[in-house]
Amino acid sequence: MTIQSPTLNTATSPAAPALGRRLLQHGAATVSAVVLLAACSTTGSQQGYGQSPQDPYESFNRSIYSFNMALDRNIMQPIARGYQDVVPSPARTGVSNFFGNLGDVWSLVNNSLQLKGEAAMSSFFRVAVNSTFGLGGLLDVATEMRLERYKTDFGLTLGHWGVATGPYLMLPFLGPSTVRDTVAWPVDYYGNPLAQLHPDSHRYALTGLRVIDSRANLLGTTDLLESAALDPYIMMRDFYLAQRKALDSDDDGGMLDDDYYDEDEALEDLEAGRIPDEPEDAAAEASQPAIGK
């Protein structure tokens, strides 16, 4: 990258390639958790397309899903594997931390709009600490200080104020979404500080790096998904909708899954037969044979 001092510009700028925003914000948590669901979920493959009230456009969505998966297999996975092979692990961690810090800025705005004082304050101090002591976000000092990350987005802000999610949609390049989240996507994109970076070449380069880094963080889950999932489309859809519903209800305090998933923890959950954050007692109860039913 050329040595040029990038400047922030609040003027509207051309949108970066569509691969960026929603894939980064939801794709990482969705794909990694789908792997866990494969071990304990039914597929629903016998259900006719469009019979789910949440997915009336299933036939169309499946065609987009197939397109996205082909794109991932033929382009994104090879690029991400090359990135993982060439770039040292500490450098990749710094890249992930940097983009996470930018995301905390937008989370601060949305947590404030949702009137979540604790989450907004935590987001504020995370940005302040990581931007100064963390060398512009390359080091995640805030997490070491036990400052929780409350990631959120404008779609959840709309939900907080009563806007319904609408039907499920699978978007080209961007992945799983809903009508509400699709409407919110432009606001989410321009709300991220990265969208205001100039010159354009810097913004495009960093957006591409963000996509590649996010995909590289999920390479360990890809083989598990492809081998274990009988119908990965349905499991991805059901997990995404369940995740968004849980966030809308604030059952988890407004905390959204991080940009990447701990693979060791994922394997432990998979072996235990439970989905992420499911209590161990629930998994044990589910494994017991039904008596008297």
**Asked** Are L197 and F99 connected, step by step, through hydrophobic side chains (Ile, Leu, Val, Met, Phe, Trp, Tyr) whose heavy atoms are closer than 4.5 Å?
**Response** yes
Note to self: Main chain of A128, side chain of S131: is a donor-acceptor contact present, judged purely on distance under 3.5 Å?
What the structure shows: no
CG (N68) and CG (L171) are apart, to the nearest 0.5 Å, by 8.5 Å
Next on the checklist: Would D231 and R237 count as a salt bridge (charged side-chain N to carboxylate O under 4.0 Å, His left out) here? Give the steps.
Outcome noted: CA-CA 10 Å; D231 192 338; R237 177 194 69 191; over 6 Å; no
Legend entry - Test item: T165 and Q54 side chains (from C-beta on) under 4.5 Å apart, heavy atoms: no
Between V105 and N101, is any pair of side-chain heavy atoms under 4.5 Å apart? no
Closest heavy-atom pair, L102 versus P193, reported as atoms and distance to 0.1 Å, is O-CD, 3.6 Å
**Q.** Donor-acceptor contact present, side-chain R180 to main-chain G155, <3.5 Å
**A.** yes
inquiry  = Would you say that W185 contacts S177 through its side chain, given a criterion of any heavy-atom pair below 4.5 Å between the two side chains?
reply    = no
_Side chains of R244 and D181, heavy atoms from C-beta outward: is any pair under 4.5 Å?_
yes
Discussion item. Just by distance, no angles: are the side chains of S122 and R149 close enough, under 3.5 Å, to form a donor-acceptor pair?
Written reply: no
Taken in chain and number order and not counting sequence neighbours, the residues that satisfy ring-ring contact (aromatic ring centres under 6.0 Å, His included) with F125 are none
field: Heavy-atom donor-acceptor pair, D213 side chain to L209 backbone, under 3.5 Å
entry: no
- request: Would you check if the side chain of S214 reaches a backbone N or O of V211 as a donor-acceptor pair within less than 3.5 Å?
  value: no
What one should report as the nearest heavy-atom pair of L219 and Q77 is CD2-O, 4.4 Å
Test item: V95 and Y83 side chains (from C-beta on) under 4.5 Å apart, heavy atoms: yes
NE2 (H160) and CG (L115) are apart, to the nearest 0.5 Å, by 5.0 Å
Taken in chain and number order and not counting sequence neighbours, the residues that satisfy side chain to side chain contact (heavy atoms under 4.5 Å, CB included) with E118 are Y150
* For the residue pair F154 and W106, does the interplanar ring angle fall in the parallel (under 30°), tilted (30 to 60°) or perpendicular (over 60°) class? -> tilted
Here the pair of heavy atoms bringing A184 nearest to L158 is CB-CD1, 4.1 Å
### Query
Below 6.0 angstrom between ring centroids: does that apply to F173 and F67?
yes
Smallest heavy-atom separation, G175 atom then M170 atom, equals C-SD, 3.4 Å
Scanning both residues in full, the closest heavy-atom pair of F98 with G136 reads CD1-O, 3.5 Å
d(L108 CG, M121 CE) to nearest 0.5 Å is 9.5 Å
- Indicate yes or no: at least one non-hydrogen side-chain atom of Q243 is less than 4.5 angstrom from one of L241. no
*Answer with yes or no whether the side chains of T152 and Q114 bring together a donor and an acceptor at under 3.5 Å.*
yes
Worksheet entry | CA sep, side-chain torsions, deciding dist, call: N61, D55, side-chain hydrogen bond (donor to acceptor under 3.5 Å, both in side chains) | CA-CA 8 Å; N61 286 336; D55 190 8; 2.7 Å; yes
Between the CD1 atom in I64 and the CG atom in L169, the distance rounded to the nearest 0.5 Å is 10.0 Å
Rounded to the nearest 0.5 Å, the CZ atom of R126 sits from the OG1 atom of T143 at a distance of 4.0 Å
Common cluster, L135/V127, ILVMFWY with side-chain heavy-atom separation under 4.5 Å = no
**Message:** Do M76 and L218 make a side-chain contact, defined as non-hydrogen atoms from C-beta onward lying under 4.5 Å apart?
**Reply:** no
The single option from Y168, Y233, Y65 that satisfies side chain to side chain contact (heavy atoms under 4.5 Å, CB included) with E58 is Y233
Q) Quick one: does D248's side chain get under 4.5 Å of L156's, heavy atoms only? A) yes
In short, N130 meets V141 closest at the heavy-atom pair OD1-N, 2.9 Å
One should read off an interatomic distance between R62 CZ and I234 CD1, to the nearest 0.5 angstrom, of 5.0 Å
